Amino acid sequence: MDPKVESCPRSQTIKTTRRLSKCTSLKSEPFEDITSSPKVSTLLEASRPLTRPIFRRSVSSSAGESNDGKATVVSAMAATTAFKGAKSSRWRRFVLKPFVFVQFFFCIGLLAIALKQFRRKNTHPAQSPELIAKDWEILYYRIIPFRAISRAWGWLTNCHLPVWVRQPLLGLYARTFNCNLEEAMDGNLDNYSCLAEFFRRKLKNGVRPIDSASTVVAPSDGTVLNFGRVTAGMMEQVKGVSYSLGEFLGPAYWRNGPEVQPAGQTELEYEKSLLVNKDNDLFHCVIYLAPGDYHCFHSPVDWTVNFRRHFPGALLSVNPSIAKWVAGLFSLNERAVYVGRWKHGFFSMTPVGATNVGSIRVYADEKLRTNCTKWALPLPYYDRYMGPTESDSDVIPLHKGEMFGEFNLGSTIVLIFEAPRDFEFNIRPGEKIRMGQSLHVVGSSVKQELAAH
């Protein structure tokens, strides 16, 4: 074998083959006679291992240049098909198969959650604590893109509605969720340009009277999920399911400026650190706003707001059935914690976001932005001081019954406040309440204060 032929690159071998084909067509001699020579046969044998089958070209003497062009196109098409086939196999191997694998186990997890939820349907968590969601169940539940769903829902509810659609669509919503249109300031559905505007409808003056004899009134319409005394730094979400006061509020440095929370501080020590008067206790109340309820929330007491902490958390459903299942649900969800002082000491009011309720608006805090992407708000929480130490801050004085903010659709309000130890609620879990309604029994200490005024 000629050593020059062995050392030639692949492209040179193909060019040599083309020249041989042209020579055969000019001489009009059969190709078989040319290839019968030892030199040409040696050259062809050397070119075979250097060329892939998809790049082989016909060298028939009868076709000439036209056949050679056609063969080149066919070879290019074959090469493209082979490349697509290889790419498709890599896609199936590295993307499609793992996706199907994850989907399979995700469906298995959702099925397990559904079965457990069916068992919980008529069972109270206090009777069967083992039915409270495990960490893996919460993980599966949080995989669902609730934030993206909520942003899509927010965009949809803000879409302009043609006038001819408003009566049937908004009327269907009002009938489905038992909205009382007689209480609305504007009862004509044609005047609401979108569904979100109907959610935020205002009420007529006087339909929600404020109880003047009570120091703490309901901040909104809704259903009482739970209430009571904070015990050892823990609060009951529903009966049998508790969550941490420290996890819900975060580090308690709003009084003395930013400082590191003492290492090893217990829940009880955290609770005591919030008290202004050590003879008082901490109380809490959770109110759930259903989709048909009045969606604005008001100040429940006379107080001054000097601090806000925004947790851009998840947007899980806060439906009572989910609240019985997921412990610490309110600590997982997005929320805006407003902290301040009232006449008995510490006071906090927290609107909590939920699925399709990512939009929380507080009228006196225009800097608050909720339901943003994780890239826009990557930190666990964001603080804003509203006291005199901040140059751009503004203390918010609020009076009992004054408008404070609004939700889109429905969510939850959590009140945590300091009060005398004889403070007593006059509401029941599951009770429907209205904004301005008294939340407590007027005790002797309250009567003395009212008499003094």
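Treat the numbers as computed from the prediction; the structure is a model and nothing was measured.
- Here the side chains of Leu274 and Val230 are not in contact, with every heavy-atom distance at 4.5 Å or above.
- Within the 3.5 Å criterion, the main-chain N or O of Pro251 finds no donor-acceptor partner in the side chain of Tyr270.
- Other residues, nucleotides and ligands contribute at most 12 non-hydrogen atoms within 6.0 Å of the CD atom of Glu182.
- The two atoms that bring Leu439 and Cys285 nearest to each other are CD1-SG, 4.5 Å, heavy atoms only.
- Taking the six-membered ring where tryptophan is involved, the planes of Phe283 and Phe417 are essentially parallel, since the angle between them stays under 30° and well short of 60°.
- Using a distance-only test at 3.5 Å, with no hydrogens or angles considered, no donor-acceptor pair links the side chain of Glu271 to the main chain of Thr231.
- Residue Leu315 holds its CG atom at 4.5 Å from OG of Ser150, rounded to the nearest 0.5 Å.
- Between Gln167 and Asn188, the shortest heavy-atom distance links the atoms NE2-OD1, 3.7 Å.
- Rounding to the nearest 0.5 Å places OH of Tyr294 at 13.5 Å from SG of Cys179.
- For Lys432, the salt bridge (Lys or Arg N to Asp or Glu O under 4.0 Å) criterion is met by Asp293, not counting sequence neighbours.
- Exactly one residue among Tyr338, Trp342, Phe347 makes a ring pair (Phe, Tyr, Trp, His ring centres under 6.0 Å) with Trp303. That residue is Phe347.
- In this structure Arg201 satisfies the salt bridge (Lys or Arg N to Asp or Glu O under 4.0 Å) test with no other residue, sequence neighbours excluded.
- A 4.5 Å side-chain heavy-atom check between Val301 and Lys400 finds every atom pair outside the cut-off.
- Here the closest non-hydrogen pair linking His310 and Thr370 is NE2-CG2, 3.9 Å.
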Would you check, one step at a time, whether the test side chain to side chain contact (heavy atoms under 4.5 Å, CB included) holds for Val276 with His344?
CA-CA 8 Å; Val276 176; His344 292 300; over 6 Å; no

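- The backbone N or O of Lys272 lies less than 3.5 Å from a partner atom in the side chain of Lys278, making a donor-acceptor pair.
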Side chain to side chain contact (heavy atoms under 4.5 Å, CB included) between Asn226 and Val241: does it pass, once the steps are laid out?
CA-CA 10 Å; Asn226 214 327; Val241 181; over 6 Å; no

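- In this structure, OG1 in Thr157 is found 7.5 Å from CZ in Arg200, a value given to the nearest 0.5 Å.
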So His440 and Ser214, side-chain hydrogen bond (donor to acceptor under 3.5 Å, both in side chains) or not? Walk me through it.
CA-CA 7 Å; His440 67 100; Ser214 175; 3.0 Å; yes

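- Taking CG of Leu316 as the reference point, atom CG of Asn333 lies at 4.5 Å (rounded to 0.5 Å).
- Judged as a salt bridge (Lys or Arg N to Asp or Glu O under 4.0 Å), and not counting sequence neighbours, Asp211 has no contacts.
- No donor-acceptor pair under 3.5 Å is formed between the side chain of Arg208 and the backbone N or O of Asn205.
- Residues Leu181 and Leu189 have side chains in contact (heavy-atom distance under 4.5 Å, counting atoms from C-beta outward).
- Aromatic pair Phe199/Tyr173: centroids less than 6.0 angstrom apart.
- Residues Asn280 and Pro420 share a closest heavy-atom pair of OD1-CA, 3.5 Å.
- Contact detail for Met234 and Ser242: the closest heavy-atom pair is CE-CB, 4.1 Å.
- Side-chain contact check for Leu329 versus Tyr243: every heavy-atom pair is 4.5 Å or farther apart.
- In this structure the side chain of Asp186 reaches within 4.5 angstrom of the side chain of Tyr192, judged on heavy atoms.
- Considering only residues two or more places apart in sequence or on other chains, Arg434 meets the salt bridge (Lys or Arg N to Asp or Glu O under 4.0 Å) condition with Glu183.
- Under the 4.5 Å side-chain criterion, counting only non-hydrogen atoms from C-beta, Arg335 is not in contact with Val414.
- Rounded to the nearest 0.5 Å, atoms CZ (Phe407) and CD1 (Ile360) are 5.0 Å apart.
- Note that CZ of Phe248 and OG1 of Thr350 are 4.0 Å apart. Values are rounded to the nearest 0.5 Å.
- Sorted by first and then second residue, the salt bridge (Lys or Arg N to Asp or Glu O under 4.0 Å) pairs involving residues 224-238 (not counting sequence neighbours) are Arg229-Asp281.
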Could you give me the CA-CA distance, side-chain angles and deciding distance for Lys202 and Met403, then say whether side chain to side chain contact (heavy atoms under 4.5 Å, CB included) is met?
CA-CA 11 Å; Lys202 302 299 186 290; Met403 188 83 74; 4.1 Å; yes

Determine whether Val286 and Gln237 satisfy the following criterion, side chain to side chain contact (heavy atoms under 4.5 Å, CB included), listing intermediate values before the conclusion.
CA-CA 8 Å; Val286 183; Gln237 186 170 289; over 6 Å; no

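- Between Phe423 and Val216 there is a side-chain heavy-atom pair separated by less than 4.5 Å.
- A salt bridge is defined here as a Lys NZ or Arg NE, NH1 or NH2 lying under 4.0 Å from an Asp or Glu carboxylate O, and Arg309 with Asp383 meets this definition.
- In terms of heavy-atom proximity, Leu172 sits nearest to Thr176 at O-OG1, 2.7 Å.
- For the ring pair (Phe, Tyr, Trp, His ring centres under 6.0 Å) condition, the pairs that include at least one residue of residues 209-228, sequence neighbours left out, are Phe227-Phe425.
- Put simply, the side chain of Val362 does not reach to within 4.5 Å of the side chain of Arg308, judged on heavy atoms.
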